[in-house]
Amino acid sequence: MSNPPASSLLRQRADFRTLGLLAMQTGAFAWLFLGGSALLLIPCTVLTLTACVAKHNHTHCPTFSQRWVNRLFDFWLTVLTGTSTTSIRVAHQVRHHGRNQSADDLVRVALVAHRSVLGALLTYVPLVARETWRCQPGDFNDQRRPALRRALRYERMVLWIFITAGLITDWRRFLLTFPLPWLGAQWFLVAVNLPQHDYCDTSSRWANSRNVVGYASNWLFLNNGYHTAHHERPSLHWSLLPEWHRRHLAAQVPEDLKCKTLVGMWIRWWKVRRTHTG
């Protein structure tokens, strides 16, 4: 089960979509920064969320066949999302995938256990940020992960150079263009762990996640809705997740954990949490 390679450089043909969406985001950012309408903040924010998903996918399954091109891609994704690409590698791959919903998982939904829907929405992302701030220095200890530490340092340096240059060039346009899409997309990417995992059976192979199986949001967000399949095969290229889901999971995953739309998944989570928390 694989897609033919697009070229000797790009590992999978499907990543032409990734690159196309990232190019659209880059163009939208440039247009807004150079004086475009503030309405461009909407596509900029949506496409920044796509870039966050692309970054997630890239850390699991490198986009390019050449290591140096992947490193350049790391820098591009860092600038597009406002956070370093390497920063998510330990927190997501080791902690979340390796120890899903345990005390070591920085995005565990137990952080907001027994809180109301509104309370969970208001406090979950800040609590995840606090956990990340507390644990990240140890996760990137020089003696344990020197290569990741260096990559993290270089990516942050590039990001700060970009921010500084933007502020010097036109600080008003920079503040209009970048902070809201960066923060909004990061908030949503973290918060979506709630409808994906809250009140699911983490001990079950089939019932550990809610899934979005419809076409529209999966096209735009690179099949991020197939979450059970991703936990089953985290290194599987994102374009292959729908087929893996159909072949191996569709019959086993409970129907109430399969949603047609992203909005539908949020609504289903809201109803379940309201039932449990009142």
Side-chain angles (χ1 to χ4, degrees), residues 41-42 44-46 48-50 52-53 55-56 81-83 87-88 91-92 94-136 139 179-214 216-218 220-221 223-231 249 253-278:
L41 282 169
I42 298 172
C44 282
T45 303
V46 173
T48 301
L49 179 56
T50 299
C52 288
V53 175
K55 180 166 69 176
H56 160 269
T81 60
T83 58
S87 65
I88 70 171
H92 182 73
V94 176
R95 288 181 174 273
H96 180 59
H97 278 277
R99 309 162 196 169
N100 183 26
Q101 302 307 312
S102 74
D104 290 329
D105 184 0
L106 304 183
V107 295
R108 61 193 182 276
V109 296
L111 290 171
V112 291
H114 311 302
R115 299 192 184 191
S116 66
V117 173
L118 181 59
L121 287 173
L122 291 176
T123 61
Y124 178 69
V125 174
L127 289 172
V128 170
R130 183 195 66 183
E131 290 289 288
T132 303
W133 182 267
R134 178 177 63 85
C135 295
Q136 192 173 84
D139 286 345
L180 181 60
W182 281 349
L183 293 173
Q186 290 292 339
W187 183 91
F188 190 90
L189 190 72
V190 173
V192 81
N193 282 281
L194 286 171
Q196 284 177 333
H197 291 292
D198 203 18
Y199 294 103
C200 294
D201 184 359
T202 57
S203 65
S204 168
R205 179 180 178 184
W206 316 116
N208 59 67
S209 310
R210 291 185 186 86
N211 299 270
V212 178
V213 297
S217 65
N218 277 313
L220 182 59
F221 300 126
N223 291 334
N224 191 251
Y226 292 95
H227 207 65
T228 304
H230 176 58
H231 271 270
L249 300 177
V253 173
E255 287 301 315
D256 65 328
L257 298 183
K258 293 183 283 189
C259 307
K260 290 293 185 182
T261 66
L262 184 60
V263 172
M265 183 177 71
W266 278 95
I267 292 172
R268 190 164 300 179
W269 165 77
W270 176 77
K271 291 179 178 179
V272 170
R273 176 165 272 268
R274 188 181 63 173
T275 298
H276 284 84
T277 62

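A quick note: this is a predicted structure, and the numbers were derived from the prediction, not measured.
- Side-chain atoms of Asn211 do not come within 3.5 Å of backbone N or O of Val213 as any donor-acceptor pair.
- Within the 3.5 Å criterion, the main-chain N or O of Lys258 finds a donor-acceptor partner in the side chain of Arg268.
- Considering only residues two or more places apart in sequence or on other chains, Thr81 meets the side-chain hydrogen bond (donor to acceptor under 3.5 Å, both in side chains) condition with Lys55.
- Looking only at distances, a side-chain donor or acceptor of Ser102 sits under 3.5 Å from a matching main-chain atom of Arg99.
- Residue pairs meeting the ring-ring contact (aromatic ring centres under 6.0 Å, His included) criterion with at least one partner in residues 254-278, sequence neighbours excluded, are Phe188-Trp266, Tyr199-His276, Trp266-Trp269.
- Side-chain contact between Asp198 and Arg273: present, with at least one pair of heavy atoms (C-beta onward) separated by less than 4.5 Å.
- With hydrogens and angles disregarded, no donor-acceptor distance shorter than 3.5 Å links the side chain of Gln101 to the backbone of Ala110.
- Considering only heavy atoms from C-beta on, His197 stays 4.5 Å or farther from Thr202 through its side chain.
- Counting heavy atoms from C-beta outward, Leu127 and Glu131 have side chains that stay 4.5 Å or more apart.
- In His97, the NE2 atom is crowded: over 12 heavy atoms of neighbouring residues, nucleotides or ligands sit closer than 6.0 Å.
- By the 4.5 Å heavy-atom criterion applied to side chains, Met265 and Thr261 are not counted as neighbours.
- Side chains of Leu194 and Tyr124 form a contact here, defined as non-hydrogen atoms less than 4.5 Å apart.
- For Arg95 (side chain) and His92 (main-chain N/O), no donor-acceptor pair under 3.5 Å exists by modelled atom type.
- In this structure, the side chains of Val272 and Arg210 come closer than 4.5 Å at one or more pairs of heavy atoms.
- Qualifying side-chain hydrogen bond (donor to acceptor under 3.5 Å, both in side chains) partners for Thr275, counting only residues two or more places apart in sequence or in other chains: none.
- A ring-centre distance under 6.0 Å is not found for His96 and His56.
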